[in-house]
Number of protein chains: 2
Amino acid sequence: MSRLTEIKKSDPKKGEKKTQDDIVYEHIFDAILEQRLPPGTKLNEESLGEIFGVSRTIIRRALSRLGYEQVVVLRPNRGAVVASPTIDEARQIVFARRVVEKAVTELVCDNAETDQIEQLKQLVRDERACFDRGDLGAGIRLSGEFHLRLAEMAKNPPLLSFQRSLVSLCSLIIAQFEKGETKSHCSYDEHFELIDAIAQRDKDKAVALMMHHLDHIEHKLSLDEEAADNDLKAIFSNVRSRKLS
Amino acid sequence: MSRLTEIKKSDPKKGEKKTQDDIVYEHIFDAILEQRLPPGTKLNEESLGEIFGVSRTIIRRALSRLGYEQVVVLRPNRGAVVASPTIDEARQIVFARRVVEKAVTELVCDNAETDQIEQLKQLVRDERACFDRGDLGAGIRLSGEFHLRLAEMAKNPPLLSFQRSLVSLCSLIIAQFEKGETKSHCSYDEHFELIDAIAQRDKDKAVALMMHHLDHIEHKLSLDEEAADNDLKAIFSNVRSRKLS
DNA sequence: GTTGATTTTTATGTATACAATTCTATTATG
DNA sequence: CATAATAGAATTGTATACATAAAAATCAAC
């Protein structure tokens, strides 16, 4: 396999303290968020090493970090795969996100500065642009970044770190349970509403909007559950009329 | 340095799927929780490797996991040290814990099974025994385990993983800001009360008790802040009567 | 042809060697 | 005497080699 991405060792750009495994981590992370690496994909250490032009040491570091965030599943002696949460696990993840997002939203209403709010708006404009031009992958990533930016604005590093894990897991869930349907991704409307509520320092409204926002994800899960159920029933609809083995 | 702990490679005990870095991770984790490794301690990779009888590869894995949980601080090219949160950071950690513990407590009130509650009680009895016999270290660890057990009972893996990080950070905070004072560690009383509320499925009471429990930690921080302030004032009380430089 | 055992191959886990960086001690200089 | 510069030691970062465990392929027997 050829080296798609050469990592320069000495790239003395401003403020770049990123180490090599950070870069690999972010590339894989983004690829998962943008659904270029769908749930279940095996992540071979040597292949990744060749792709990024680094040794397995670096790849393993990046993978174990992703594993800690539960975005990939590390199976001892059997390598890493992109996580593919069940519907139940997805519900638990969304629940955890409700808990965190509520706290984050309230903190942001208290602490947000006006220029930060302006930056948020720009981010959502970018998000809208992506969806408009059909770039789903980048759109989903920016949608996730919106929520990460909120967590940053809450100025609580532990919550931010947890949010990072939850946002990527949610992107994974969306990737897994929302095959093909694009229209549901018009989340930017809700993002704009949320920003307005925050700008008005209206905690109750902002939290309500956020919960409503999460309801949408959860609703999809129920739909999918029914669909899967129907599929199974369809697949085995002939069982009763046949001899069982 | 001698090998304090030999790790057997083939120890086919029941259900033991622990890999070597898990074991190293837990040993260091426990040492931090029990305050045998005080905040600020440098964690030298080679020394740790000799102590545990493994190569730096394993040690680095364990350290980066601890770093991800923010229990140790990883400074690029400069090694790992046990985290020593400032009072502000401590407040943020306690805040995050309020958020998680509230959710956990409510979930546990809904889902706790009677035999789990009995196990909890036993745990707190053990905790009390530790403090009674003066084993602060083990007591603090069991106190932390009480909260981890609650998070397990909430049956929400993402919340549990976050709780794990927060509990160890809180132990660190207690270690840092509560030097010498033992009497404050009579948290087991509050733990018993909390168990009762859970057994009665009284959500409001349980949450209130939990918040009150966390108030105690936060109160310590304020005390310590004042103390530090007083110390500084005492140290420099002679400045005004002296020539400055 | 299907099943099961055995070998071969591939991938992961761990140790080690070397490179790059930071820390420390010594010396030089004002 | 303090400060700066520099050489050396110690420590971390990365690549690689080897050990070990899965997975795949081959072959045997039925």
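Chain identifiers are assigned alphabetically (A, B, ...) following the order of the sequence lines, protein sequences preceding nucleic acid strands; residue numbering begins at 1 within each chain. Computed from heavy atoms alone, side chains included, the values below leave out hydrogens, waters and symmetry copies.
In this structure, the CZ atom of A:R75 is 14 Å from the C1' atom of D:dA21, given to the nearest Å. Counting to the nearest Å, the C1' atom of C:dT16 and the CZ atom of A:R56 are 14 Å from each other. Between B:E45 atom CD and C:dA15 atom C1' the separation is 14 Å, expressed in whole Å. As rounded to whole Å, 13 Å separates atom C1' of D:dT20 from atom CD1 of B:I58. Between the C1' atom of C:dA11 and the CD atom of A:E50 lies a distance of 13 Å, rounded to the nearest Å. Distance CD1 (A:I59) to C1' (D:dA15): 13 Å, rounded to an integer number of Å. For the pair B:E46 CD and C:dA15 C1', the interatomic distance rounds to 13 Å; values are reported in whole Å.
Taking 4.0 angstrom as the limit, B:Q20 places a side-chain polar atom (N or O) nearer than this to OP1 or OP2 of C:dT14. For B:K42, a side-chain nitrogen or oxygen approaches OP1 or OP2 of D:dT12 to under 4.0 Å.
With the nearest nucleotide of DNA chain C identified for both A:T57 and A:R78, A:R78 has the one nearer the 5' end.
Defined by atom type and a distance below 3.5 Å, a donor-acceptor pair is present between the side-chain atoms of A:Q122 and A:D126.
Comparing D:dG13, C:dA15, C:dC23 by their closest approach to the side chain of B:N77 singles out D:dG13. The B:N44 side chain lies nearest to D:dT12 when the options are C:dA15, D:dT12, D:dT14. Considering only the side chain of B:R60, D:dT14 comes nearest among D:dA23, C:dT12, D:dT14.
For B:R61 against C:dG13, no side-chain N or O and base N or O form a donor-acceptor pair under 3.5 Å.
By the 4.0 Å N-to-carboxylate-O rule, A:D30 lies too far from A:R36 to be salt-bridged with it. At a threshold of 4.0 Å, the pair B:E46-B:R56 does not count as salt-bridged, since none of the basic side-chain nitrogens sits closer than that to a carboxylate oxygen.
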Going through the distances and angles, do A:S171 and A:I32 end up as a side chain to side chain contact (heavy atoms under 4.5 Å, CB included)?
-> CA-CA 8 Å; A:S171 299; A:I32 293 176; over 6 Å; no
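Inter-residue side-chain proximity for B:R75 and B:V73 is flagged as met; some heavy-atom pair is nearer than 4.5 Å.
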